[in-house]
Protein chains: 2
Amino acid sequence: MHSFTEENYLKAIYKLQETNGEVVATSSLAQVMGVHAPSVTDMLKRMAGKKLVTYQKSKGFKLTEKGKQVAVGIIRNHRLWEVFLVDKLGYKWDEVHDLAEQLEHIHSEDLTNKLDKFLGFPKADPHGDPIPDANGVLPKSKAVLLSTLKIEEKGTFTGVTDHTPAFLNYLDKAGISLGNTVKVKAIEEFDQTYTLQIKPEKEIVISYKVANSILVNIA
Amino acid sequence: MHSFTEENYLKAIYKLQETNGEVVATSSLAQVMGVHAPSVTDMLKRMAGKKLVTYQKSKGFKLTEKGKQVAVGIIRNHRLWEVFLVDKLGYKWDEVHDLAEQLEHIHSEDLTNKLDKFLGFPKADPHGDPIPDANGVLPKSKAVLLSTLKIEEKGTFTGVTDHTPAFLNYLDKAGISLGNTVKVKAIEEFDQTYTLQIKPEKEIVISYKVANSILVNIA
DNA sequence: AAATATAATTAGATTAGTCTAATTATTGTA
DNA sequence: TACAATAATTAGACTAATCTAATTATATTT
Ligand SMILES: [Mn+2]
Ligand SMILES: [Mn+2]
Ligand SMILES: [Mn+2]
Ligand SMILES: [Mn+2]
């Protein structure tokens with residue numbers, strides 16, 4: 001079908017479009033793909049030929065509907081495999097991303113769907129990211145950054161925006177896990193440090209940087 | 001580490017060495033890899049440079065110890081994934097080979113070992129082929145071809161030498177599954193057709209070709 | 001608007017893995 | 001042993017994905 005490389009470009013474009021708007025620049029893509037700009041220009045021209053992206057010289061590019069379908073399919077694979085690794089094989093949430101980067105490229109819709117069923121049709125991966133369904137529909141999340149909450153507001157910890165093992169490990173050590181209820185007890189004026197209540201009698205202090213990497217659903 | 005292509009060459013050489021003796025010919029390998037002879041010469045020269053095989057111009061090649069280790073590792077992956085697909089995802093034994101051809105190339109010893117544990121350290125894959133342990137040790141099987149049994153001899157069906165879906169499906173239809181006890185009731189002089197007793201009161205007739213593709217452990 | 005800085009593309013090369021056509025080596029037979 | 005058949009290698013070319021260096025296009029300042 002498509003090469004791993006093409007699939008990785010599609011995924012990267014998809015994610016850039018999600019966060020940075022419709023049109024993606026050569027340089028951004030080069031950066032996230034870890035290649036130099038001319039490689040991107042070349043690759044994208046080839047992919048435009050396959051109708052996976054639209055491309056106008058020096059104007060950037062965006063995914064076609066077809067390209068988007070493929071991208072979402074890979075993301076579905078990635079997140080389902082992450083659930084498998086954590087729920088079934090006992091991996092920790094900070095260990096699974098690189099393996100899922102490999103497993104996401106196994107080409108079989110049937111396998112993906114059987115895996116989905118085996119896992120009990122999970123709605124989110126171990127990091128709280130939503131899993132597209134078999135039709136490529138991605139549930140729209142209404143989670144917001146913890147850093148947008150005001151004092152006394154409450155929410156449920158549903159995801160992270162930083163997926164690095166370093167950050168995930170920090171959360172483990174701090175005792176914050178997906179599903180926890182958090183209530184903002186105080187926000188330090190000077191440096192935006194947050195004091196949170198998690199569990200009835202546990203209070204913790206986190207930096208703004210941390211609060212800005214945590215997603216919550218407001219209660 | 002190694003490319004998928006290299007891994008597939010190693011696996012193919014390993015299997016050729018198992019069945020056709022130590023030294024492998026360019027043409028045999030070209031045939032099983034589905035490429036033309038010059039591609040093999042090229043590839044094998046590169047692989048000799050990496051000390052995966054030894055190569056003497058026009059004299060054929062064989063795996064080094066290092067090459068053998070890699071090959072056995074891939075085979076371990078392949079067979080464990082086949083067990084996963086059948087035992088956990090509900091695939092049938094004739095459907096899993098091509099998926100395992102993809103999954104076997106996931107690079108992670110740790111994943112392989114966790115999968116092994118999750119599956120309960122199986123000794124054999126769904127086709128009865130032995131699974132190498134974490135040290136690459138492959139249990140030596142003493143299974144023989146059903147076609148070597150004499151009248152009134154009994155055995156346990158433990159594997160197949162033909163892995164095609166067509167043959168596996170035939171066995172399903174004939175009602176022969178791994179683990180079944182078989183007893184040779186008659187062998188037709190004219191065409192070597194076998195009459196077998198499987199289960200207390202069930203007798204079936206199979207061709208020589210079939211008897212020659214079934215492995216049994218003599219009781 | 002012109003000058004400068006930044007971003008993107010083109011040109012030309014490289015590597016892995018493959019091909020076809022031509023050549024050389026090995027093997028089997030007369 | 002010499003001749004023919006078969007097997008293997010070399011030569012030269014192609015594609016996907018990458019690179020560096022040079023060039024062109026766009027954006028930002030003065
Ligand atoms: Mn991930
Ligand atoms: Mn994830
Ligand atoms: Mn198989
Ligand atoms: Mn098998």
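In this text, all values refer to a predicted model and were calculated from it rather than measured experimentally. Just so it is clear: chains get the letters A, B, ... in the order the sequence lines come, proteins before strands, and each one is counted from 1.
Using a cutoff of 4.0 Å between basic side-chain nitrogens and carboxylate oxygens, B:D133 and B:R76 are not scored as salt-bridged.
For B:H107, the ring pair (Phe, Tyr, Trp, His ring centres under 6.0 Å) criterion is met by no residue, not counting sequence neighbours.
Taking 4.0 angstrom as the limit, A:T26 places a side-chain polar atom (N or O) nearer than this to OP1 or OP2 of C:dT9. The phosphate of C:dT10 has OP1 or OP2 within less than 4.0 Å of a side-chain N or O from A:K57. Look at B:Y55 and you won't find any side-chain N or O under 4.0 angstrom from OP1 or OP2 of D:dA8. For B:K45 and D:dT10, the shortest distance from a side-chain N or O to OP1 or OP2 is below 4.0 Å. One finds no side-chain N or O of B:S58 lying less than 4.0 angstrom from the OP1 or OP2 phosphate oxygen of C:dA25.
When each of A:R46, A:K50, A:K11 is paired with A:E6, the salt bridge (Lys or Arg N to Asp or Glu O under 4.0 Å) condition holds for A:K50 and for no other.
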(request) Could you give me the CA-CA distance, side-chain angles and deciding distance for B:H78 and B:D129, then say whether side-chain hydrogen bond (donor to acceptor under 3.5 Å, both in side chains) is met? (result) CA-CA 11 Å; B:H78 183 104; B:D129 294 308; over 6 Å; no

Pairwise N/O distances under 3.5 Å, protein to nucleotides 13-20 of chain C:
unit_1: C:dG17; atom_1: OP1; unit_2: B:S3; atom_2: OG; d: 2.7
unit_1: C:dT18; atom_1: OP2; unit_2: B:Y9; atom_2: OH; d: 3.1
unit_1: C:dT18; atom_1: O4; unit_2: B:D42; atom_2: OD2; d: 3.2
unit_1: C:dC19; atom_1: OP2; unit_2: B:H36; atom_2: N; d: 2.9
unit_1: C:dC19; atom_1: OP2; unit_2: B:S39; atom_2: OG; d: 2.5
unit_1: C:dT20; atom_1: OP2; unit_2: B:H36; atom_2: ND1; d: 2.9

Scan nucleotides 4-6 of chain C against the protein and return all N/O pairs shorter than 3.5 Å with their distances rounded to 0.1 Å.
none

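Side-chain contact between B:V24 and B:K62 is absent, with no heavy atoms from C-beta onward closer than 4.5 Å. Inter-residue side-chain proximity for A:W81 and A:L99 is flagged as unmet; no heavy-atom pair is nearer than 4.5 Å.
What you find for B:Y55 and B:T41 is that their closest heavy atoms are OH-CG2, 3.8 Å. Among all heavy-atom pairs drawn from A:H127 and A:W93, the shortest one is NE2-O, 2.7 Å. Closest approach of A:S147 to A:Y194, counting heavy atoms only: O-OH, 2.8 Å.
The CD atom of B:Q56 sits 17 Å away from the C1' atom of D:dA7 (whole-angstrom rounding). Note: CG (A:L29) to P (C:dA7) measures 15 Å, nearest angstrom. Going from atom CG of A:L44 over to atom P of D:dA16 covers 15 Å, rounded to whole Å.
Here the nucleotide nearest the side chain of A:K59, chosen from D:dT26, C:dT26, C:dA8, is D:dT26.
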